[in-house]
Amino acid sequence: MKLLRWGEAGAEKPGMLDEAGAMRDLSSVVGDISGDVLSDKGLAALRALDPATLPKVPEGARIGAPVAGVGKMIAIGLNYADHAAEAGMQVPPEPVVFMKATSSICGPNDATEKPRGSEKLDWEVELAFVIGKRAKYVTKDEALEHVAGYMLCNDVSERGFQTERSGQWVKGKSHDTFAPIGPWLVTRDEVADPQALPMWLSVNGQGMQKGSTATMVYGVAYLVSYLSQFMTLEPGDIITTGTPPGVGMGMKPPRFLNVGDVVELGIEGLGAQRQEIVAA
């Protein structure tokens, strides 16, 4: 099942895809894609619906972030050995954990703002997942039971803010529009193996990243268990899991995004995104 949210920013309505790939309006059934809707029981109720009985979403409607009410967005750094190498860093002995402000979340095709003073705006195609059941001190074996589903994320980063302004990475990761997610949330029953998903990213039509979640150092199950030892993961929380090589800062010489550039990215089975860079 593929769930989505559609409509103007700040006024999105819940929806789902039918078998033909058409968007259907869920607003008569649930208030939003959040909270209890993301539980196994909530998702089962939606799965029992016949999408053909739901109204079609108007043609050309904007697609928003597929999850509402996000309490926290957690990101994992240097989670692909080959990306760590291009960044000149060692694979960490434990996951590198940082936060992205929830105000950075936006729709998959919304424009990406280049912040004032930005000179090193970069891209990162990533697999993200959404928590559906509260997780605290869970084991790796039971971890995936706490995942509602998976989605595509571009962990947009301002490398100067991230690494040259002292302090933590969050400053380079949290500008408005730095977390486009979606286009939809794919429930976990449709993803046979989250560690076997091809992924790609291009800038202005030129391929930059091509990888697979198979090369992640710390997989989804490990991350759910690991994070739940330090904080409670609540329904609607988002975890984005790191990126394969091919980011701008790793190129020789480095290449960064400018106003007018177009970034396109995708993960097999989870859809694709497109963002144009605009001035903040």
Side-chain angles (χ1 to χ4, degrees), residues 1-5 15-17 21 23 33 38 63-67 70 73-83 86 95 100 104-110 112 122-132 143-144 147-157 173 177-203 205-224 237-248 250 257 262-275:
M1 185 167 56
K2 295 179 175 67
L3 302 175
L4 57 97
R5 297 171 66 247
M16 68 191 309
L17 291 188
M23 296 191 295
I33 309 297
L38 296 168
I63 300 176
V67 181
V70 178
M73 185 169 187
I74 307 166
I76 307 299
L78 304 175
N79 198 24
Y80 289 71
D82 33 13
H83 172 57
E86 75 171 350
K100 288 177 76 80
S104 68
I105 295 171
C106 65
N109 304 312
D110 292 346
T112 295
D122 208 346
W123 57 82
E124 294 189 10
V125 58
E126 302 198 359
L127 170 68
F129 61 90
V130 180
I131 297 297
L144 293 185
V147 174
Y150 302 91
M151 58 189 180
L152 173 63
C153 175
N154 186 358
D155 177 18
V156 183
S157 308
K173 298 284 190 172
T177 73
F178 271 25
I181 54 174
W184 40 71
L185 172 67
V186 181
T187 53
R188 74 170 188 268
D189 59 299
E190 289 200 10
V191 179
D193 184 357
Q195 306 308 146
L197 301 175
M199 57 210 307
W200 59 273
L201 182 144
S202 68
V203 178
Q206 179 181 357
M208 297 296 179
Q209 292 185 275
K210 186 175 182 181
S212 169
T213 58
T215 63
M216 284 170 59
V217 179
Y218 302 106
V220 172
Y222 183 95
L223 291 172
V224 173
D237 285 351
I238 296 171
I239 296 91
T240 189
T241 61
T243 196
V247 299
L257 295 167
V262 173
V263 179
E264 296 175 284
L265 59 150
I267 296 180
E268 187 173 291
L270 303 186
Q273 300 182 356
R274 181 187 187 278
Q275 296 108 32

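Residues take their numbers from the sequence shown, with the count starting at 1. Side-chain atoms are counted along with the backbone in the values below, which use heavy atoms only and exclude waters and symmetry mates. For clarity, every value in this text was computed on a predicted model and none was experimentally measured.
- A donor-acceptor pair is defined here as one N or O able to donate and one able to accept, closer than 3.5 Å; such a pair exists between the side chain of Thr243 and the backbone of Val125.
- The shortest side-chain heavy-atom distance between Arg188 and Tyr150 falls under the 4.5 Å cut-off.
- Residue Pro183 comes nearest to Ile63 through the heavy atom pair O-CG2, 3.5 Å, listed as atom of the first residue, atom of the second, then distance.
- Judged by distance alone, the side chain of Trp123 and the main-chain N or O of Gly246 form a donor-acceptor pair under 3.5 Å.
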Query - Derivation and outcome, side-chain contact (heavy atoms from CB on, under 4.5 Å), residues Thr112 and Val263 - result: CA-CA 9 Å; Thr112 295; Val263 179; over 6 Å; no
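- Side chain of Gln275 to main chain of Pro108: a donor-acceptor pair is present (N/O by atom type, distance under 3.5 Å, no hydrogens or angles).
- For Asn79 (side chain) and Tyr218 (main-chain N/O), a donor-acceptor pair under 3.5 Å exists by modelled atom type.
- In this structure, Met16 and Trp184 have side chains that are not in contact, with every pair of non-hydrogen atoms separated by 4.5 Å or more.
- Summarising the geometry of Tyr222 relative to Pro95, their closest heavy-atom pair is CE2-CG, 3.9 Å, with the distance given to 0.1 Å.
- No side-chain donor-acceptor contact under 3.5 Å links Lys100 to the backbone of Ala75.
- The heavy-atom pair separating Ile131 from Leu38 by the smallest distance is O-CD1, 4.1 Å.
- Nearest heavy-atom pair across Cys106 and Ala65 is O-CB, 3.7 Å.
- Under the 4.5 Å side-chain criterion, counting only non-hydrogen atoms from C-beta, Thr177 is not in contact with Asp110.
- Under the 4.5 Å side-chain criterion, counting only non-hydrogen atoms from C-beta, Val156 is in contact with Pro180.
- Annotation: side chain of Tyr80 is in contact with side chain of Met216 (closest heavy-atom distance under 4.5 Å).
- Counting all heavy atoms, side chain and backbone alike, Cys153 lies closest to Leu265 at O-CD1, 3.9 Å.
- With contacts defined as side-chain heavy-atom distances shorter than 4.5 Å, the pair Leu270/Leu127 qualifies.
- Residues satisfying the salt bridge (Lys or Arg N to Asp or Glu O under 4.0 Å) test with Glu126, not counting sequence neighbours, are none.
- For the side chain to side chain contact (heavy atoms under 4.5 Å, CB included) test with Pro66, the passing option among Ile181, Leu152, Val186, Val130 is Ile181; the others fail.
- Put simply, the side chain of Gln209 gets close to the backbone of Pro244: a donor and an acceptor are under 3.5 Å apart.
- Panel note: side chain Gln195, backbone Val220; a donor-acceptor pair is recorded below 3.5 Å.
- Remark: Lys173 pairs with Glu124, Asp155, Ser157 by the side-chain hydrogen bond (donor to acceptor under 3.5 Å, both in side chains) rule, at least two apart or across chains.
- The nearest pair of heavy atoms linking Met73 to Ile105 is SD-CG1, 3.9 Å.
- Glu264 CD to Asn109 CG: the interatomic distance, rounded to the nearest 0.5 Å, is 9.5 Å.
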